[in-house]
Amino acid sequence: MSDSPVSEMDETNEASEEIDRTEHSPEQRAEERPVTTGADSVVRALENAGVEYLFGVQGGAIMPVYDALYDSEQLTHLTMAHEQGASHAADAYGIVAGEPGVCLATSGPGATNLVTGIADANMDSDPMIALTGQVPTAFVGNDAFQETDTTGVTDPITKTNFFASDPDEVGDDVGAALALANTGRPGPTLVDLPKDITNAETDREPGEPKTPDTFHAPEKADEAAVEETARAIEAADKPVILAGGGVIKGDATDELRAFAKEYEIPVITTMPGIGAFPEDHELSLEWAGMHGTGFANMAITHCDVLIGIGTRFDDRLTGGIETFAPEAKVVHVDIDPAEISKNIHADYPLIGDAGAVIEQLHEEIEFAPDADEWREQCQTWKSEYPMDYQTPDDEPLKPEFVVEALDEATSDRAIVTTGVGQHQMWASQYWTFTEPRTWVSSHGLGTMGYGLPAAIGARLAADDDQEVICFEGDGSLLMTIQELSVAVRENMDITVAVLNNEYVGMVRQWQDAFFEGRHAASEYSWCPEFDKLAEAFGARGFAVDDYDEVADTIEAALEYDGPSVIDFHIDPRANVYPMVPSGGANGQFALSEAQLEDL
Amino acid sequence: MTGGLQGPGPLDRPQPTGRRNSQGIRVDPDAEADPETRRAVLSALVEHEPGVLAEVSGLFSRRQFNIESLTVGPTENDNRARITLVFEEPEPGLEQAKKQLEKLLPVVSVTELPDDATRRELALIKVSATRPDEVSALASMYDAQAVDAGRETITVEVTGSKQKIDAAVEAFDRFGTHEIVRTGIAALSRGAEYTATTPDGAPADD
Ligand SMILES: Cc1ncc(C[n+]2csc(CCOP(=O)(O)OP(=O)(O)O)c2C)c(N)n1
């Protein structure tokens, strides 16, 4: 990768440029640099799993691991400005690469700073592993300096976590954590590494990474259930597919696309499912939920068979349970049995891997449902509820225009990361996504500040020809802006578009809708000048006020080989529509302030 | 405020007539009342390692399942412990609790025990020793044993079903209860049937 720090470093070290060490066998690695300590064994487990990048921050209890990393030529470590940035970067790396991202931190505050990113990965089922230093075993439980019960703190937000207790096995613990993070339903895992364990001598090379015996990931769904489901789909008059993030995580987009196209079933995605199906395809209704398109919310409300794949029927998607797809028989395909009938009762539960189950259905179904009228209805809704916005001359820059301009200026495979707020919604609504693993956002946790560190992780996982665009709000960006120092130091080609409304805008919108316009703590009396701030960090900074500056500035920012920040001064009063008030009926989305008042 | 899109308002759109209940189940106009709660006994075979109990109890509290009792102890296999859980939930909640429990890594298997399973609880009841003969007479009615007798208090041990223990606790109260401790229910399936099996049906204890 021409724009990555690694190739730069490689240029100064000609020998290593030739060798792809991820291709080495465990035996070759053991021969070249045998394990001598627990920490070596941790590093070896990462190398054997093909890991290339780690994101972290140094500190006392993790120092033995960093010392062992010093000798690894396969692993490149990025020092982040804050451990939260490390966990978000690892999370985004995992989303884009489809391989677990790795973050590491010291004990105590290092570990607790990772927590937000771990919780985020857990909510969105992203493959990730966190390695945390811990005080020496003899001190554990004594409230030692920088001691936190990290496995206790992270128990509810990890798929599983391990407390390393044996230097001979610590590498296997890391291997198991890596394997678990990306087997079955992905998610974050953590290994807590007491300093005495990583410092201890051992010559044991870790074995093959494997998931523990008590872990089971289903593959194919029950045949009889597939048959019944197929009959229900054939008989449907108003079928719709709801593709969730699981379709992307399960690498099932090809199967989904073939299935939907063959049987001509309209496709709605969830927000994490964005990219599972091309949004410019006739069958696409884009995404449903609180700020989803009107046509998706109409279709989900009126369908008679809803084929949910890899979705957990989150409340921002369903709105009020009572009115969610109230007339639909629900088919639910999921790899996690606990998701079946958790929020929405599944009439046809199919437990298994998304791709495998779609293929099973594809084979079992004998004829396409007779749904011409329904497809026409969906097209009518598309024209009745278009996502068209206005750009009056006498009003400030509209955010939707900025999103579309950036989409226009970049390739189909460009990656979009976001913070959380209105800007996130505009990005997801007005960018046309056609490829999986190009939409990188914080859905389930809704973490402000996710966008910039995520762009750093995404940049390392992306191909050279994929642009990385980060949409941020002024409030959200301020939470993690220090990570710009990393992007500058590593000369990463990232374009940050700040949709700056000088408000924590999403909160302001809710206050206007539900709190009589009382702007409690949502208004900035002063906001930094992000273009100058960017320059101070060593990035390129731009500021844009008018429509006629948009295209040229975007071009200049994209051309710059390194991080750039464009501060778009957008209409501070702009609101996100459509909107389903929380707990409301999806079919009752409001398209404007006036319609919201009618509800 | 600015922004907003064109299109018919919420009240001008067609409305579906169907509904779901709070459990996400489509409401059948012919039937459907609020789901009834049911008391269930789950037996979970788990890896015998530190932290398992915390994981299980943490899971139940954070997902708002109401545990009535939870017991844990070693089994015939040194590497395994058995947790017996009693709780009350509507049907979908029971299923959900079981599946969430199965997701925990140290959990080997989970079984809901049928009504006829052997269920036992033990209680220690410490009462005032002013009427020792009567205490002992009552104890024999409950198949209970005095396990500690001093000048001021007598402690009796009772085992049996929850109902029997409830009754004994009430009966001994006439002597003046000092303190009580109850273990919660331990249970095993009847006959040769295994209480816990691995997903492929083999006994889970080997
Ligand atoms: C860490 C965190 N704190 C608070 C919130 C609550 N919150 C959600 S959106 C939002 C406003 C975001 O403002 P800004 O980043 O300026 O974006 P805008 O909505 O204006 O686009 C807030 C405060 C959150 N999601 N995450």
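Convention: sequence-line order gives letters A, B, ...; per-chain numbering from 1.
The residue among A:Gly517, A:Pro337, A:Ser383 with the most heavy atom pairs within less than 4.5 Å of chain B is A:Pro337. By number of non-hydrogen pairs under 4.5 angstrom with chain B, the leading residue of A:Met579, A:Arg573, A:Lys398, A:His302 is A:Arg573. The choice from A:Asp347, A:Thr211, A:Thr318, A:Val576 that makes the most heavy-atom pairs within less than 4.5 Å of chain B is A:Asp347. Highest contact tally toward chain B, considering only A:Asp571, A:Leu180, A:Thr214, is held by A:Thr214 [criterion: heavy-atom pairs under 4.5 Å]. Ranked by heavy-atom pairs under 4.5 Å with chain A, the first of B:Pro8, B:Pro92, B:Gly7 is B:Pro8.
Using a 4.5 Å cut-off on side-chain heavy atoms (C-beta onward), A:Glu339 and B:Lys99 make no contact. Looking at heavy atoms from C-beta onward, B:Pro14 lies in side-chain contact with A:Met298 at the 4.5 angstrom threshold. Considering only heavy atoms from C-beta on, A:Thr323 comes within 4.5 Å of B:Arg19 through its side chain. Residues A:Val330 and B:Arg20 are in side-chain contact: their nearest non-hydrogen atoms beyond the backbone lie under 4.5 Å apart.
The interface of residues 149-161 of chain A with chain B, defined by heavy-atom distances below 4.5 Å, comprises A:Asp155, A:Pro156, A:Thr160.
Using a 4.5 Å cut-off between heavy atoms, A:Asp512 contacts chain B through its side chain alone, with no backbone atom that close. Neither the backbone nor the side chain of A:Gln509 comes within contact range of chain B; no heavy atom of the residue lies under 4.5 Å from a heavy atom of that chain. Both the backbone and the side chain of A:Asn575 come within contact range of chain B, with heavy atoms under 4.5 Å apart. If you measure heavy-atom distances from A:Met387 to chain B, the contacts under 4.5 Å come from both the backbone and the side chain. Contacts between A:Asp336 and chain B at a heavy-atom distance below 4.5 Å involve the side chain alone, from C-beta outward. Residue A:Phe589 touches chain B through both its backbone and its side chain, counting heavy-atom pairs closer than 4.5 Å. The part of A:Pro212 that comes within reach of chain B is its side chain, from C-beta onward, which places non-hydrogen atoms under 4.5 angstrom from that chain. Both the backbone and the side chain of A:Pro578 come within contact range of chain B, each with at least one heavy atom under 4.5 Å from a heavy atom of that chain. Of the two parts of A:Ile344, the backbone and the side chain both hold a non-hydrogen atom closer than 4.5 Å to a non-hydrogen atom of chain B.
In this structure, the side chain of A:Glu593 does not engage the main chain of B:Thr2 through any donor-acceptor pair within 3.5 Å. No side-chain donor-acceptor contact under 3.5 Å links B:Glu95 to the backbone of A:Ile340.
Remark: A:Lys342 NZ to B:Gln23 CD distance equals 14.0 Å, nearest 0.5 Å.
When the shell of 6.0 Å around CZ of A:Phe515 is examined, it contains 12 or fewer heavy atoms from other residues, nucleotides or ligands. Within 6.0 Å of NZ on A:Lys329 lie no more than 12 heavy atoms contributed by other residues, nucleotides or ligands. Shown here is A:Glu384, whose CD atom has more than 12 heavy atoms of other residues, nucleotides or ligands within 6.0 Å. Other residues, nucleotides and ligands place no more than 12 heavy atoms under 6.0 Å from the CG atom of A:Asp393. For A:Asp213, the CG atom counts as loosely surrounded, since its 6.0 Å shell holds 12 or fewer non-hydrogen atoms of other residues, nucleotides or ligands. In this structure, B:Glu112 places its CD atom where more than 12 heavy-atom neighbours from other residues, nucleotides or ligands lie under 6.0 Å away.
Contact record, B:Leu105 with A:Phe162: CD2-CZ, 4.4 Å, taken as the closest heavy-atom pair. In plain terms, the two heavy atoms of B:Gln6 and A:Pro386 that are nearest each other are O-CD, 3.9 Å. Heavy atoms only, all atoms of each residue included: A:Ile321 and B:Gly24 are closest at CG2-CA, 3.5 Å. What you find for A:Pro326 and B:Gly18 is that their closest heavy atoms are CB-O, 3.2 Å. Minimum heavy-atom separation, B:Pro10 to A:Gln595: CD-OE1, 3.5 Å. Of all the heavy atoms in A:Gly587 and B:Arg13, the pair that sits closest is O-NH1, 2.9 Å.
For B:Thr17 and A:Glu327, the side-chain atoms include at least one donor-acceptor pair closer than 3.5 Å.
Listed by chain and residue number, A:Arg185, A:Pro218, A:Asp353 satisfy the side chain to side chain contact (heavy atoms under 4.5 Å, CB included) test with A:Ile335 (two or more places apart in sequence, or in another chain).
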